[in-house]
Amino acid sequence: MNPINRTVRFSINGREVEALEHETLIEVAGRELIEIPRLCYKEGMAAVGNCRSCMVEIDGERVLAPSCCRHPSQGMKVTTDSARAVAAQKLVLELLLSDMPEAEYTRHNELDEWADKLGVGESRFARTRRESTPDLSNPAIAVNLDACIQCTRCVRACRDVQVNDVIGYAFRGQDALPVFDQGDPMGASTCVTCGECVQACPTGALMPARGVALNIPDKQVDSVCPYCGVGCQLTYNIKDNKILYVEGRDGPANHGRLCVKGRFGFDYANHPHRLTRPLIRREGVPKTGDFTIDPERVLEVFREATWEEALALAGGKLKQIRDTLGPRALAGFGSAKGSNEEAYLFQKLVRTGFGSNNVDHCTRLCHASSVAALLEGIGSGAVSNPVMDVTKAEVVIVIGANPTVNHPVAATWMKNAIRAGTKLIVCDPRRPELARHAHRFLQFKPDTDVALLNAMMHVIVTEGLVNQDFIDSRTIGFEELAKNVEGYSPELMAPICGIDAETIRYVARLYATSKASMILWGMGVSQHVHGTDNARCLIALALMTGQVGRPGTGLHPLRGQNNVQGASDAGLIPMMYPDYQRVDNPQAQARFEQAWGVKLDPRPGLTVVEIMDAIDRGEIRGMYIMGENPAMSDPDANHARAALAALDHLVVQDIFLTETANLADVILPATAFPEKTGTFTNTDRLVQLGRQAIDPPGEAKQDLWIIQQMARRIGLDWRYGHVSEVFDEMRHTMNSIGGITWDRLEREGAVTYPCQHEGDPGQAVVFTEVFPREGGRARFVPADIIPANERPDADYPMVLITGRQLEHWHTGSMTRRTAVLDALEPDPVALVHPLDLEKMGVKPGEVITIESRRGQVALYARADDSSPVGAIFVPFCYYEAAINRLTNAALDPYGKIPEFKYCAIRARRGGEVAPQGSFGGGRVLEGMAQ
């Protein structure tokens with residue numbers, strides 16, 4: 001029998017119990033509802049036994065034993081409440097109490113709680129610890145080490161859980177304390193402000209900086225994080241209709257963990273810039289794509305209106321355009337930040353109300369090429385395995401992704417897996433933080449993904465490392481692919497991609513021969529004109545080695561927004577109905593015509609960038625945009641803004657006056673994430689319930705209500721009541737979620753799809769036996785090298801790479817109105833290699849101007865050797881340095897995704913950074929000291 005499954009029988013407080021040999025006494029006691037004091041012990045962390053508050057007596061042993069470190073044995077007799085054990089427990093608590101400060105930093109001081117339970121009164125002992133000065137250098141976390149009890153839970157949270165390796169332990173004896181890096185102030189250290197140490201601290205030595213945890217919440221609401229696609233479950237603590245603080249919850253994707261955005265990025269919902277009444281553009285005020293309205297002066301451009309007036313104008317003008325110019329003169333952008341139900345109703349409105357398939361959302365700007373390749377090769381656009389499967393893999397390849405920044409909690413599982421022996425291969429033109437944990441780091445030249453991946457496949461094919469049984473029984477097209485990679489030997493590709501041939505061979509062999517290999521990728525793979533080809537190569541790697549369809553294997557494109565998976569599933573894309581049923585498929589068309597009771601257009605609609613070009617041509621004259629900000633997120637943003645300004649009628653539904661809303665004719669104030677109830681689907685295909693925690697401000701309305709009201713104004717008679725009614729309609733038109741009921745979500749909180757029948761558990765790992773393609777077989781699709789649309793030259797000799805920042809998210813409309821997040825990263829920055837800065841004569845912190853053929857921006861230079869020489873990385877969240885003014889709108893021909901990750905630029909010293917104005921949420925840090 002495996003020792004981990006071997007059981008023993010023993011007694012605890014005279015009660016006969018059975019336990020596994022590897023369990024600890026404190027775990028068994030907890031299961032038997034026997035309370036034992038504990039301070040250094042925390043479930044999920046390695047036991048260290050250094051506080052000695054959990055001592056128990058074991059029959060026949062001379063000394064007491066720490067129950068957090070002791071395992072049971074056959075016939076053992078344990079007593080947790082003997083006079084001797086209790087005396088020891090109380091003495092430890094009393095000694096620790098003697099060093100506690102008078103000030104209280106938290107309502108949940110576990111030392112006080114255990115002292116109360118055991119009846120420990122005022123300590124008899126004198127304070128021996130030296131006074132410590134509070135460290136308030138981090139905007140999010142206050143450090144009060146006079147309350148530290150040396151439990152080391154913060155050290156283990158940072159080192160073992162999040163694996164950030166910032167908090168260590170210094171000094172000896174009673175002077176021992178946690179330190180940050182080399183004894184730096186927390187705010188000056190490499191701390192990423194994930195707050196795991198705050199959640200772990202039992203006494204308040206580490207606490208939220210603004211003292212909010214001392215307030216008693218009116219209520220607690222379980223919900224989901226509104227940011228990236230990991231889908232962390234959390235609990236909102238509410239008082240007076242405001243979120244006081246956020247705690248991680250034991251959800252399937254995070255198991256209590258959060259990142260800086262999830263834990264501290266919540267107060268945007270109460271920001272004074274919230275839209276609270278409908279707005280209508282004043283007559284005679286022109287639309288200009290080159291400026292941003294100061295929120296304090298909004299009423300100079302717009303006037304307030306009643307809901308009835310705003311809806312009548314918004315819907316009435318769209319209906320007029322449809323009726324006079326035809327259905328294809330209208331288009332709609334939905335949102336990946338909204339719920340599944342909102343996405344479903346929005347695309348249904350466009351298809352049944354506008355009368356065309358001109359509906360899209362931000363998936364077109366992130367993983368459209370990945371989805372195109374996956375649908376083509378696998379038959380499904382979703383991931384094959386959850387992120388957590390990295391803990392079951394022997395080899396993990398992360399390519400074109402920066403999980404520690406974009407998916408921080410997912411990155412913790414990767415780092416945990418590495419600690420347990422998994423070999424990580426990181427492939428990226430930039431050096432992400434995860435590379436320091438890698439078994440091999442392949443920093444290939446930008447734009448050479450296909451060269452590198454084809455070289456790996458060449459090795460696998462020529463060295464006979466393919467899984468021939470898998471290929472023969474479950475795939476088609478291998479012979480064509482094998483012939484294609486013949487000319488891609490590592491020796492030929494090494495000069496192109498910049499990785500030596502032997503390293504390519506080593507990594508290819510490692511991936512192919514491991515028992516379980518997994519590939520995860522991000523927008524560094526997808527955001528190219530050859531993004532679909534990049535993904536085709538990754539799919540082929542998995543198929544030719546049989547590394548798919550089992551735990552610890554598979555293909556996982558990491559989703560960037562909290563509901564980009566669900567919005568795509570729900571049909572918020574121009575060529576697919578819900579569940580990826582093609583609009584030009586007669587059977588699919590018939591199914592939805594019957595379900596919706598209308599005649600549908602069988603022609604695929606236009607994508608995001610194609611819609612902007614159609615506006616230029618005068619083909620699209622009206623738009624309805626919900627929760628998207630294309631004036632910031634689209635490539636060649638100057639062109640996008642000019643196109644939006646040229647529309648006859650633009651309706652924007654949002655929570656802030658975004659750059660896109662600046663160009664609207666009618667603005668409809670909507671609800672922030674904590675103000676709504678709905679389902680959201682994470683990157684693991686996990687459908688989760690988000691619950692309303694606070695009420696919307698002023699006259700702001702629920703998005704579902706607004707969509708229905710707009711539908712009525714254009715001639716649809718929709719009568720949905722509760723959000724569950726929309727979900728029920730969805731599951732009856734989408735086989736993948738057909739077995740998920742609203743009642744089940746309310747009970748369980750989360751269910752993985754596919755779940756086709758009620759009662760099914762849901763499938764975390766798919767493609768175990770067949771692929772959802774014709775004949776049940778996956779398809780190999782060869783790819784050849786296609787260069788970027790725009791290459792560096794003498795005039796524009798450098799490369800621009802765009803992406804996200806840890807502290808900010810997407811276009812910044814939410815995170816830059818969050819006090820803590822904006823305080824951590826308040827200014828627009830470009831990450832430039834030190835050698836490039838030296839060449840330009842620029843010192844870190846000085847202003848540089850970056851220019852492409854489409855525009856220029858000025859921002860602050862940050863020395864950062866993660867960017868290769870000749871490449872500059874800029875986040876796209878700063879409106880005063882809107883970097884997408886520079887990016888290239890050239891499209892991948894299959895996924896129709898723009899080439900965000902590569903365009904030619906030049907950079908020079910100097911320039912003037914545009915003023916932030918009153919936009920930022922944290923520059924002044926209003927109320928920070930309260």
Side-chain angles (χ1 to χ4, degrees), residues 4-5 7 12-13 17-56 65-72 78 80 89 92-93 96 106-114 117-118 148-164 167 178 194-207 213 220 222 232-235 237 245-259 262-263 388 391 409 412-413 415-417 419-420 749-750:
I4 203 166
N5 296 320
T7 60
I12 183 166
N13 292 355
V17 297
E18 187 173 81
L20 297 172
E21 267 192 349
H22 72 275
E23 290 185 288
T24 61
L25 296 179
I26 203 167
E27 290 174 319
V28 179
R31 189 165 61 243
E32 296 295 322
L33 303 182
I34 297 172
E35 283 196 324
I36 302 176
R38 78 285 303 273
L39 292 168
C40 70
Y41 173 81
K42 186 173 176 63
E43 187 176 356
M45 290 184 179
V48 293
N50 65 353
C51 78
R52 278 349 206 206
S53 66
C54 68
M55 304 300 280
V56 296
S67 59
C68 67
C69 297
R70 189 63 182 271
H71 301 280
V78 180
T80 71
Q89 296 164 5
V92 168
L93 297 175
L96 291 172
T106 175
R107 293 182 300 104
H108 297 297
N109 190 318
E110 295 176 32
L111 175 57
D112 287 344
E113 291 171 357
W114 282 112
K117 287 182 180 180
L118 268 67
C148 178
I149 59 171
Q150 304 176 342
C151 68
T152 73
R153 273 161 55 166
C154 62
V155 177
R156 284 171 284 152
C158 186
R159 180 192 63 202
D160 300 335
V161 177
Q162 293 270 350
V163 198
N164 289 322
I167 305 179
C194 68
E196 194 73 35
C197 57
V198 172
Q199 189 157 298
C201 181
T203 63
L206 294 160
M207 282 302 295
Q220 293 183 314
D222 291 340
C232 297
Q233 292 191 7
L234 49 75
T235 297
N237 291 269
Y245 58 96
V246 171
E247 296 172 305
R249 195 156 52 93
D250 189 19
N254 65 313
H255 293 293
R257 304 177 185 190
L258 293 175
C259 75
R263 196 179 304 276
M388 201 78 73
T391 61
V409 171
T412 68
W413 301 117
K415 291 183 280 189
N416 293 158
R419 288 277 182 94

Nearest 0.5 Å, please: how far is CG in Asp160 from OG1 in Thr152? 9.0 Å
For the student: nearest non-hydrogen atoms of Ala65 and Arg70, plus distance: CB-NH1, 3.8 Å
Please report the interatomic distance OG1(Thr24) to OH(Tyr41), rounded to the nearest 0.5 Å. 5.0 Å
Going by the side chain to side chain contact (heavy atoms under 4.5 Å, CB included) test, name the single residue among Pro66, Cys69, Ser67, Pro37 that passes it with Ile26. Ser67
Locate the shortest heavy-atom distance separating Ala205 from Cys201; write the atom from each residue and the value. N-SG, 3.3 Å
So, are Arg153 and Glu110 salt-bridged, with charged N and O less than 4.0 Å apart? yes
Less than 4.5 Å apart, any side-chain heavy atom of Leu93 and any of Leu39? yes
Looking at Arg52 and Val92, would you say the former's side chain and the latter's main chain have a donor-acceptor pair under 3.5 Å? no
Check whether any side-chain heavy atom of Val163 lies under 4.5 Å from a side-chain heavy atom of Thr412, and answer yes or no. no
Excluding sequence neighbours, so at least two apart, what forms side-chain contact (heavy atoms from CB on, under 4.5 Å) with Gln220? Thr235, Asn237, Glu247
Taking the side chain as every heavy atom from C-beta outward, state whether Gln233 and Asn254 have any pair of such atoms under 4.5 Å apart. yes
With rounding to the nearest 0.5 angstrom, report the CG to CD1 distance, Asn13 to Ile34. 4.5 Å
So which atom in Pro178 and which in Ile167 form the shortest heavy-atom distance, rounded to 0.1 Å? CB-CG2, 3.8 Å
Steps toward side-chain contact (heavy atoms from CB on, under 4.5 Å) verdict (Arg159, Arg419): CA-CA 11 Å; Arg159 180 192 63 202; Arg419 288 277 182 94; 4.1 Å; yes
Residues 194-203 vs side chain to side chain donor-acceptor pair (under 3.5 Å), sequence neighbours excluded, gives Gln162-Glu196, Gln199-Arg263
Please enumerate all residues that pass side chain to side chain donor-acceptor pair (under 3.5 Å) together with Glu32, with sequence neighbours excluded. Arg15
If you compare all heavy atoms of Cys197 against all heavy atoms of Leu206, which two are closest, and at what distance to 0.1 Å? CB-CD1, 3.7 Å
Closest non-hydrogen contact found for Val246 with Leu258 is CG1-CD1, 3.8 Å
Gln150, Met45, Arg156 screened by side chain to side chain contact (heavy atoms under 4.5 Å, CB included) with Cys40, the one that passes: Arg156
Report yes if some heavy atom in the side chain of Gln89 is under 4.5 Å from a heavy atom in the side chain of Trp114; otherwise report no. no
How many angstroms lie between atom CD1 of Ile149 and atom OG of Ser53, to the nearest 0.5 angstrom? 7.5 Å
How long is the gap from NE2 on His22 to OG1 on Thr7, to the nearest 0.5 Å? 11.5 Å
Would you indicate whether the side-chain heavy atoms of Tyr245 and Met207 approach each other to under 4.5 Å? no
Looking at Asp250, is its backbone amide N or carbonyl O close enough to the side chain of His255 to form a donor-acceptor pair, meaning the two atoms are under 3.5 Å apart? no
Answer yes or no: is there a side-chain heavy-atom contact under 4.5 Å between Ile12 and Leu25? no
Heavy-atom neighbours of Glu113 CD exceed 12 at 6.0 Å: yes
